[in-house]
Each structure stands twice: as C-alpha cells, then as structure tokens.
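Following: one structure in structure tokens, then a few remarks.
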Amino acid sequence: MKYKHVMLAVNFDGNAGFLISKAAQEAKLHHALFSVIHIDPDFSALYEGVREFDGLNNSEVQSEGVIAMTKLLSEVDYPVHKHIFYAGYVEDQIIRAIDTFEVDLLVIGHHESTIFRQLTLSASEPLLRKMPCDIQFIKLED
C-alpha cells in the first residue's frame with residue numbers, strides 16, 4: 001500500500017527525535033506528505049483543540065516545547081507539511097486532525113508494557129478502537 005499522508009503523533013520527550021526520524025523515513029519511502037502533531041502541556045493553558053503552527057509567523061504564542069519541537073523538525077531530512085499542536089482529549093483531537101488533513105497513516109511510539117496496562121492505562125488503546133486510518137507503532141526502549 002502506498003500512503004499519501006503520514007502523520008506522527010508525539011509528545012516532546014527523549015524519544016521525539018528518534019520518532020521524527022522514523023516517521024520521516026516512512027513518509028519518504030512512500031513519497032507522502034509528512035506531518036507532526038504533538039502535545040504541549042504549556043500550550044493547553046492557552047488553547048484547546050487542534051491548531052496548526054506556522055513557524056514563519058513570529059506573532060504566534062510559543063512555549064519552550066513548541067520552540068524545541070520546531071527546532072527538531074527543522075533538522076529532519078524530509079519536508080514537514082504540517083506542524084500541528086493538540087490540547088484537550090488526546091484521541092479525539094488526533095482523530096479530528098486525521099480527518100481534517102486526510103491522513104492515511106498515523107505513526108506513534110509505544111513502550112513495552114503488560115497486557116493489563118495496555119488495556120487500562122494505555123493512551124494508544126482508545127485510539128485503536130476509533131482509528132480512521134492505518135496505524136504504525138514504533139517500539140521504544142523503556
């Protein structure tokens with residue numbers, strides 16, 4: 001299957017650079033658009049929902065996480081089509097972004113865990129039930 005739009009859902013932590021690289025490779029493989037949607041806890045106090053970031057517009061309200069993510073994205077060797085933030089109920093916002101931007105592959109990182117944790121505490125589990133597109137998990141080291 002050839003994907004047209006690959007989106008990475010990521011928070012800004014120690015795995016962000018690795019995940020950006022892996023998702024960009026996947027987009028490059030398919031000659032697809034590459035977008036990133038991420039959680040910024042500081043941003044959620046200012047805005048709720050999905051919001052696209054325009055790195056050229058200096059009037060945008062920016063948190064340290066937004067600035068750091070923008071720097072990471074500027075270093076990737078594949079063009080970033082959309083840089084999107086989300087705040088609020090995570091899976092609803094990701095699904096809304098997938099529908100809005102016509103994403104056909106969502107890439108997310110996943111830590112190894114027990115079946116109990118996956119079913120009860122996992123942030124990705126509710127996404128799986130509602131996912132309107134294909135999803136790819138990238139295994140992260142604990």
Next item on the list: Please report the C-alpha distance between Lys22 and Val107 in whole Å, then the side-chain angles of each, then the deciding distance to 0.1 Å, and finally whether the side-chain contact (heavy atoms from CB on, under 4.5 Å) criterion is met.
Entry: CA-CA 9 Å; Lys22 294 291 274 187; Val107 178; 5.8 Å; no

Next item on the list: Apply side-chain contact (heavy atoms from CB on, under 4.5 Å) to Leu8 and Glu26, showing your working.
Entry: CA-CA 10 Å; Leu8 169 66; Glu26 189 69 27; over 6 Å; no

Note to self: Go through it in stages, so that I can follow the logic: the residues are Ile84 and Phe101, the test is side-chain contact (heavy atoms from CB on, under 4.5 Å), and I'd like the CA-CA distance, side-chain angles, deciding distance and then a yes or no.
What the structure shows: CA-CA 10 Å; Ile84 307 158; Phe101 299 108; 3.4 Å; yes

Next item on the list: Measure the spacing between CD1 of Ile135 and CD1 of Ile108 and express it to the nearest 0.5 Å.
Entry: 4.0 Å

Item checked: Nearest atoms (heavy-atom pairs only) where Lys28 meets Tyr78 -> CA-CE1, 3.5 Å

Check: Leu33 and Met7: same hydrophobic cluster, using ILVMFWY side-chain contacts below 4.5 Å?
Finding: no

Check: Is there a path of hydrophobic side-chain contacts, each under 4.5 Å between heavy atoms of I, L, V, M, F, W or Y residues, that connects Val76 with Leu29?
Finding: no

Check: Which atom pair, heavy atoms only, marks the closest approach of Val103 to Ala97?
Finding: CG2-O, 4.4 Å

Checklist line | Over all atoms of both residues, closest heavy-atom pair of Lys2 and Asp104 | finding: O-OD2, 4.3 Å

Check: Once you round to the nearest 0.5 Å, how far does CD of Glu102 lie from NZ of Lys4?
Finding: 9.0 Å

Item checked: Lys71 bridged to Glu75 by N-O distance under 4.0 Å -> yes

Next item on the list: Identify the heavy atoms of His5 and Phe34 that sit nearest to each other, and give their distance.
Entry: CD2-N, 4.4 Å

Item checked: Residue pair Leu140, Leu19: steps toward the side-chain contact (heavy atoms from CB on, under 4.5 Å) verdict -> CA-CA 9 Å; Leu140 300 173; Leu19 289 169; 3.8 Å; yes

Check: So how far is it from Ile20 CD1 to Asn15 CG, rounded to the nearest 0.5 Å?
Finding: 11.0 Å

Next item on the list: Over all heavy atoms of both residues, which pair between Leu105 and Tyr3 is shortest? Give the atoms and the distance, please.
Entry: CB-CD2, 3.6 Å

Check: At their closest point, which heavy atom of Cys133 faces which heavy atom of Leu106, and how far apart are they?
Finding: SG-N, 3.8 Å

Notebook entry, point to check: Got a second to check how far Leu72's CG is from Ser21's OG, nearest 0.5 Å?
Noted result: 10.5 Å

